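What follows is a short report on a single structure.
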Amino acid sequence: MAHRVFIVDDNPSVRNGIRTLLETSGFEVCGEACDGLDAVERAPEVNPDLIILDVAMPRMNGLDAARKLRDIHPHVPILLNTLHAAIIRAEASLPEGVTAVVDKRENLLHRVFQLLPKPDAAQRGTAR
């Protein structure tokens, strides 16, 4: 069974690009949200294995959303996907609720695989 990912970004082109990248790599996109408030409202309906979250968004930014999403899905890793990664990484610790940070110019899929095993590998492991 494919790992389920919830994508949160205010830019529809970015969401579509992430969706295409994930789906062609064997992941299932279980939902999308256009900002932090939308993500918090939709979160109880989706059952993600990973949340990919932008930081700079209208209505509710990603840092505030991460704290609320952590309450809704306490065991689901939250990956910040942002152009502000260097600023966040410069802090002594990650913001509350955040598992990892990736710069939008870096390899997103590499970070996803660090947080979730590759779907094909997981299927092979259970097929024995």
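None of these values were measured; they are calculated from a predicted model. Numbering of residues begins at 1 and proceeds along the displayed sequence.
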Look only at the side chain of [X] and the backbone of [Y], and say whether a donor-acceptor pair between them is shorter than 3.5 Å.
X	Y	value
Asp38	Cys34	yes
Arg15	Ile7	no
Glu106	Asp103	yes

Flag the pair [X] / [Y] as yes when at least one side-chain heavy-atom distance between them is below 4.5 Å, and no otherwise.
X	Y	value
Phe6	Arg42	yes
Val102	Leu80	no
Val112	Leu21	no
Leu109	Leu22	yes

Between the side chains of Thr99 and Arg70, does any donor sit under 3.5 Å from an acceptor?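 Result is yes, a qualifying pair exists.
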
[atom1] of [X] to [atom2] of [Y]: how many Å apart, nearest 0.5 Å?
X	Y	atom1	atom2	result
Ile72	Arg67	CD1	CZ	13.5 Å
Leu108	Phe113	CG	CZ	10.0 Å
Asn61	Leu37	CG	CG	11.5 Å
Leu79	Asp54	CG	CG	11.0 Å

Which atom pairs, donor and acceptor, lie under 3.5 Å between side-chain atoms of residues 43-51 and protein residues at least two apart or in another chain?
unit_1 : atom_1 : unit_2 : atom_2 : d
Asp49  : OD2    : Arg4   : N      : 2.7

Would you name the heavy atoms of [X] and [Y] that are closest together and state the gap between them?
X	Y	value
Arg19	Val29	NH2-CG1, 3.4 Å
Gly26	Ala2	O-CB, 3.1 Å
Val40	Met60	CG2-SD, 4.0 Å
Asp35	Met57	CA-SD, 3.6 Å
Ala66	Ile78	O-CD1, 3.7 Å
Val8	Gly36	CG1-N, 4.5 Å

Set out, in order, the CA-CA distance, both residues' side-chain angles and the distance that settles salt bridge (Lys or Arg N to Asp or Glu O under 4.0 Å) for Lys104 and Asp9, then state yes or no. CA-CA 11 Å; Lys104 286 189 175 183; Asp9 197 295; 2.9 Å; yes

Determine whether Leu53 and Leu83 fall in the same hydrophobic cluster, where Ile, Leu, Val, Met, Phe, Trp and Tyr are linked whenever their side-chain heavy atoms lie under 4.5 Å apart.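 In one cluster: no.
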
